[in-house]
Every structure is written in C-alpha cells, then in structure tokens.
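Following: one structure in structure tokens, then a few remarks.
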Amino acid sequence: MLAKLPPNLSLLGILLPIFISPTRGHSSAAYELSHSSHNPLCAPLSFTLTATASHISLASPPDPSNETEILDIINQSWDGTVVANGNHTVNGTFTLKAIYCRPSHKTKNEGVLQILLHGATYNKTMWSGYGFGYPYDWQSYATSPSQGYHTLALDRLSHGENDPRGLDPLNDVQMPLQTELLHQLISVIKTQPNTKTTSPKTNPLGRTFSKIALVGHSLGSYLSVALARSYPLDASALVLTGYSFRQNTLHVRSAPWASAPSVFPDRFPSNKYLDNLEYLTIATLEGREKGFYDNATDAAGRSYDPELARTDYEYSDAVTLGEVVSLGDWGVGAEEFEGPVLVATGQRDFVMCNPPEEDCVKRLWETGQTFPRARRYEVWSPRETGHDLTLSYSAGETLERVHEFLGREV
C-alpha cells in the first residue's frame, strides 16, 4: 500500500491508527500519539502570545445555535455577497499548542525552522500523516539526517488542542488575529539583532532561529501570504501547498458543509463548544474525498490511499465561521516580500484550480504575479493529485521537491 520506508523513519507511525480511537476528543492523547510523541526528538509545546487585530462585523450575524442561518452566511461568503457592518477590535492573550521536532544531529540547515500551518478542517495532526508513515509524515522527513530541519507544527487559535472556550468563533476567530498571533510567535523565536538570550517563559523552544520557512496548506498558505503581506521580513521563504491566487468557489461551495458539533458530537462536545454551531466541517467521507482528494481513477487505481482518507475524515477538525467570512482578500499577494516562493498544488486540485490540468498549471504560474518582488518564484504541480497533495500517493515527490527548493534557496 505504501512506498518502502527509508531506514531512518519509524514503523511506529504506521501502527498508530490501529491503537487510537477516532471517537476520542480531538484534544485527547489520540492527537498527541499521532504527533510522534514516542519520538524523543519531538515534544509538545505551548506559546502564550498577546495580539490585537481588527475584525469584520457582520450586518446580520446568524444565531449561533441555528445551523441553517450559519450555512447561509457560509454560502454568502463563498459568493462574495456577505454584508459587513464596519469593524471591531479583538485583543487579548492567547495560548497556541504546537509540536516541535528537531533533527538528531546538526546539519547545514540547523538555523532554519519550518513552521507548518494546517488548512481548514485540519489541525497540526495532518503534518504527521495520521500515523501512516512515509511519505505522509512531513515532520519525520524534514528532520531526517538527509534534511536536518527543525519543524514546528502549529494549531491555529481554537483548533486542535487549543481550548475554544471563551472565544466567539465568528467575532474573535478571524484570519487577522491568526495573522497577528503568527507574527508574535515569530517575533519570539526568530533571532533578533543584539539579542543574545531567550527566556523559556516566553520561548519554550529554548533557542531562536535565523531563518523561518513558512510551509502552509490551503488556509495555512493563505495565512502565510497574509503574514508576508503585513510583515514581509518575518519569513525567509514561503512554501504554499494547495494554493493559488483564485479559488474554485463553486467547488468549495458544493461541499456538504455542516456544523462540526452536529457531525462529530463526541469530538466537539457541548460543554466545550457551548452549543455554538459556528464551527464548520465536511459532513461526509464522500464529500471530503471529492473535495480534498483526486476522485478520478486511472489504470493504476486511486491516486490516494482510501484508508488514509477515511482516517483523515474521522479526525477532521473545523473551520470557524469567522475565518471564512474574513477571506475576502484571498488572492491578494505580498508585494513587499522579497524571499523565494514555491507554490505546490496538484493538477487535479479542484479547490484551487479548474480542469483541464494545463489550465491549472497556467493559473499557478499566474499566481506568481502576486509576488512581484520575490527573488525566486517556482511551481510544483504533480499529476493525478488533488488538494491534499501531502496525503496523496505523490506525497514523496512533493517532499523531495519542496526540500530541494528549500535547500537551494534558503
């Protein structure tokens, strides 16, 4: 089923889905296990960050307990017809959970940290490949002796292991605050001029890095671009997977969206989510496969492992209504960013491209126009690959291509 494992990657990851139960809470030990917690070179961390952001106020916000009203706002967001009524300020101190993995020995990439940013309806677990091992475990590959990178897989605010209580998923959890929190995190962990020490109270990594490579997937790629637009010096490089400057909104809208507490009540319990239905997810396995994987088959069969896709569905996270309504500037690039940019998107990614495949590749190259000052812009577009290219059979090629780019450009 899987490609042969490199000798430096553990077989434990493949066995993990057998031992963890998909009915457990998504902040439970099941998620910690799938993040290589048995690997002594990986450790869970928490960052406490203070940030302020300006958020969109809706003219007619939905009743947070009325799923029909919420889905109407979602559709208006995809259509670009949602009506705003000014802005409001959100500020506070927030905790973000992460998994930090380091290589077993120093390499030429010792000073480079990859920050891994998950997509909508995902959390940091996606970067471990849900325990299916190579080629889906990004962290193990990036930290392997042949690569030698440090990685930090981050849960966005209110997702994964982050506690959603006290947060309004519409008004508080929007993309501007996610962007500001990422900036504050980088301010803590990136080496600053004339700064010789770092406090473990503010920087649980216990060290800083001279270079930050942002590796995003889908909404995580949008977050990377938003950060580079507002703070062009924060990142040294952008790797944008599952991304283009124009979404296929008809395809996105056609997905069977539903409130996550309704679809997965065991993992989104009412005592934790306070009966708020403004956390959205894909309601069915079929809908998730159609939306995020290449549903077509060829003579060689599916282009992804159906068991991995099922595990992906069983552990799916959510996207907040606030995150969706604040995506109106999708496609606006980062004009001042001068570092290298790699867009890695499958040719059958119906979220970011419209078929046929050659038109998809053309769109990806056109996306480069939104990074006019990037010193290098490249495209990687594997064939027979859908939106979740790091969870498809071509994931090994993507790993190699991305790390060749980083090794050459960073």
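In this chain, residues are counted from 1 in sequence order. Keep in mind that this is a model prediction, so the values were computed, not measured.
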Salt bridge present between [X] and [Y] (N-O < 4.0 angstrom):
{"X": "Arg288", "Y": "Glu314", "value": "no"}
{"X": "Arg408", "Y": "Glu404", "value": "yes"}
{"X": "Glu366", "Y": "Arg363", "value": "no"}
{"X": "Glu289", "Y": "Arg310", "value": "no"}
{"X": "Lys124", "Y": "Asp155", "value": "yes"}
{"X": "Lys362", "Y": "Glu357", "value": "no"}
{"X": "Glu336", "Y": "Arg229", "value": "no"}

**Asked** Near Arg383 CZ, under 6.0 Å, is it more than 12 heavy atoms from other residues, nucleotides or ligands?
**Response** no
Validation: residues 254-261 side-chain donor-acceptor distances under 3.5 Å, sequence neighbours left out:
residue, atom, partner, partner atom, Å
Ser254, OG, His251, O, 2.7
Trp257, NE1, Val252, O, 2.9
Ser259, OG, Leu277, O, 2.7

**Item:** Summary of disulfide (SG to SG under 2.5 Å) pairs that have at least one residue in residues 373-410, sequence neighbours excluded
**Value:** none
**Message:** If the condition is salt bridge (Lys or Arg N to Asp or Glu O under 4.0 Å), which residues does Asp163 pass it with, not counting sequence neighbours?
**Reply:** Arg165
**Fill in**
The side-chain contact (heavy atoms from CB on, under 4.5 Å) partner of Leu214 among Ile186, Leu240, Val239, Leu116 is Ile186
